[in-house]
Colleague: 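One structure, as structure tokens, below. Some questions next.
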Amino acid sequence: MELLFYLFSAVMILFGLGVVVSRNPVTSALCLVMSFVGLACLFIQLDAFFIGIIQILVYAGAVMVLFLFIIMLLDLKAEEGRQINYLALAGGLILCLVFVVQLGSVLTSFEAGDVGKTPQQPEMTTDKNPEGLSELAMERMAEKKLPDVHLVGWTLFTKYNFPLQVVAVLLLVSTIGVVLLSKRKLT
Amino acid sequence: MMPAYYLEAAVVILGLVLMVMEAFVEKADKSLIAKMGIVGLLVVLVSLFFVSGPAEGDDAPIWSFYAVDPMALFYKGFALVTTILVLIMSLDYRSVLQHYMGADQEKPGAGIGEFHYLPLFTCAGLMWMASAKDIVSIFVALELVTISFYVLVAFMRRNVGSLEAGVKYLILGALSTGFFVYGLTWLFGLSGETELSKIAAALGNDDSAMVRYPKALLFSLAMILVGLGFKIAAVPFQIWVPDVYQGAPTPITAFLSVGSKAAGFVVGYRIMEPFFANHVAPQLVTLILAISGATILLGNLAAVAQENFKRLLAYSSISHAGFLLLALGCSSSTTSPVNVEGVMALYLGGYLAMTLVAFHVMCLVRAQLGSEDLSAYKGLSKRSPFLAGVLLVAMISLAGVPFTAGFIGKMYVFLMALQSRYFVIIALAVVGVGAGFYYYLKVVRAMYWDDAADDQSVQISTLSKVAMLTMVALIVILGIYPTPILNLFAA
């Protein structure tokens, strides 16, 4: 399992680099798809099956297809080879190096195997029926299966209802913004 | 008494009503939308005094995300006042907007309606930020504010400057959000909690990973500081500020420099507060003080050379972020009867009044004289004695002349820093204030001592006059009698 973690992490990082380095927008977009697939695999390894599948369906599927459509519609060409600003490049590399060293020193300060307190997970018992959770989900949990679509939906619409409403306003604002900024002629 | 979250709901519903009205009422005068927004927000502002927190035994999930304390209520009022003034400014700025909207010849007002109701959604986001006490609600509220600003900054879509500002703000904003979220995930990973009060409680437990791994905790806090540093325009994350401030429509620049900054400080204070009384406090304070010193120095010294009034105020806004950070840095050591929340609120309250007056004058001058350069302000006292008068008060308050809000705010910050014995930063701050006197009074000199190129006068609507006079009164009253705000936060 640990091997799989490193494998998928490597996939994510390599294709992530590909997104940045590639000069052709279509290649970049496809690299991003592969990076999302790696991320989805990591989620699945963490038993977050629903999030993993959504990652592929929504991000790798819908969002990336949209990206590709835009790239095609705008007929973007591969970026012209431009003058490299060596000073900026050196500055960026130094910053990255400092960041990596810092992260490395933080990570090595952890004792091996010490995971600390992990975030709370919903109780997997049927003794107490959490308010509003469906019968079907309760049955699944009794069978020691993880009904995570139910659990995600339930958590989202009960405990996290407030942030969800804020996100709704956010999406409304971005929709208005996109129409406003991209419409050819305002009427 | 009603639950406090009705306020944001009212603001969002007001925004939705105005949006639908704009879309379906064909012939409506667009300025009507702004005026209705102003009236609606005034009603919400009044109802701010009639709200309550959770009743005894009320454990609805929202109360774990949403704080109702003096700080939350103060900054909700702050957001409302800012938005009302931004809407008044946007009325004065309409001619400039219209010119750059690229609207149909037959419908010259197209797109202006959006400019009048989008700030309402931003306002709701700012109010949610003032109350946010959970990592999740902090993040979604912050994103609502940031994304609506992306739209508003690039609003003049046929103006190269505005578009450039929009792209810069979008890219750097996204980058800073990345840092911010990365820091928050580390904090969540170490504590296992998203609610700030539970994180603070876990700090007292020696078994918590936050206590056992101070390095990781500091890393997380540093990332959060980087993310917030972009929002509040602190050095070295200030590079976007001059260009974005200059390119954005002026009312939005005012909104950015007041609303966004205040909300950033509230969130920063809420996240950092538990850590100031903790084992990581010395390093955290050193970090904040270093950023603060650099911000004060760079903001003030770079402002000296500016010939564009908007860029000058951009650098001035950076320097004020430095003073506020200095106040934040005193959190762990100050012993005076006034506390850091009170001083920050006082400073930001004064900052709101003087900055908004300055930007309001700038809106009027830009719309009627067509320029934002300092040279356009030459002889303003002859063109409009009223405008020159209010700008004079705003400028001397920004510089920190006694009996103004700017002076009182700076004085309390200096007092706290003296108590905490941060002598190096104080020396830097004195240099900053000295430079400030030079460049703020440069504007005053242009208005009163230089002659205007022509004798065109500047017209001011009654609404704008009332708004500016209210703010000037606020500057003077806070400068003489700051006790109400300080008492609000007294323990």
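Quick caveat, the model's predicted, so the values are computed rather than measured.
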Colleague: Show the numbers, then the answer: is there a side chain to side chain contact (heavy atoms under 4.5 Å, CB included) between A:L172 and B:L16?
Modeller: CA-CA 10 Å; A:L172 173 75; B:L16 289 175; 3.4 Å; yes
Colleague: Tell me, side chain or backbone of B:T122 under 4.5 Å from chain A's heavy atoms, or both, or neither?
Modeller: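 Contact with chain A: none, neither part.
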Colleague: Please tell me if the side chains of B:F65 and A:V166 come closer than 4.5 Å, counting only heavy atoms from C-beta onward.
Modeller: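 With C-beta onward as the side chain, the pair stays apart.
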Colleague: Answer whether the closest heavy-atom distance between the side chains of A:F162 and B:D134 falls below 4.5 Å.
Modeller: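 No; the side chains remain at least 4.5 Å from each other.
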Colleague: Under a 4.5 Å cut-off applied to non-hydrogen side-chain atoms, are A:N161 and B:I62 in contact?
Modeller: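 A:N161 does not reach B:I62 side chain to side chain.
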Colleague: For B:F155, is it the side chain, the backbone, both, or neither that has a heavy atom closer than 4.5 Å to a heavy atom of chain A?
Modeller: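 Its backbone and side chain both get close to chain A.
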Colleague: For B:E114, is it the side chain, the backbone, both, or neither that has a heavy atom closer than 4.5 Å to a heavy atom of chain A?
Modeller: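 Only the side chain of B:E114 comes within 4.5 Å of chain A.
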Colleague: How about residues 214-225 of chain B versus chain A: which residues have heavy atoms under 4.5 Å apart?
Modeller: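 Heavy-atom contacts from residues 214-225 of chain B to chain A are B:K215, B:A216, B:F219, B:M223.
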Colleague: Checking A:S182 against chain B: side chain, backbone, both or neither under 4.5 Å from a heavy atom?
Modeller: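 Contact with chain B involves the backbone of A:S182 alone.
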Colleague: What are the two closest heavy atoms between A:L180 and B:G111, and how far apart are they?
Modeller: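 Looking at all heavy atoms of both residues, the closest pair is CD1-CA, 4.4 Å.
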Colleague: Using non-hydrogen atoms only, which part of A:I176 is less than 4.5 Å away from chain B: side chain, backbone, both, or neither?
Modeller: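 When you check distances to chain B, only side chain atoms of A:I176 fall under 4.5 Å.
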Colleague: B:Y213 versus A:V106: any side-chain heavy-atom pair under 4.5 Å?
Modeller: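 They are not in side-chain contact.
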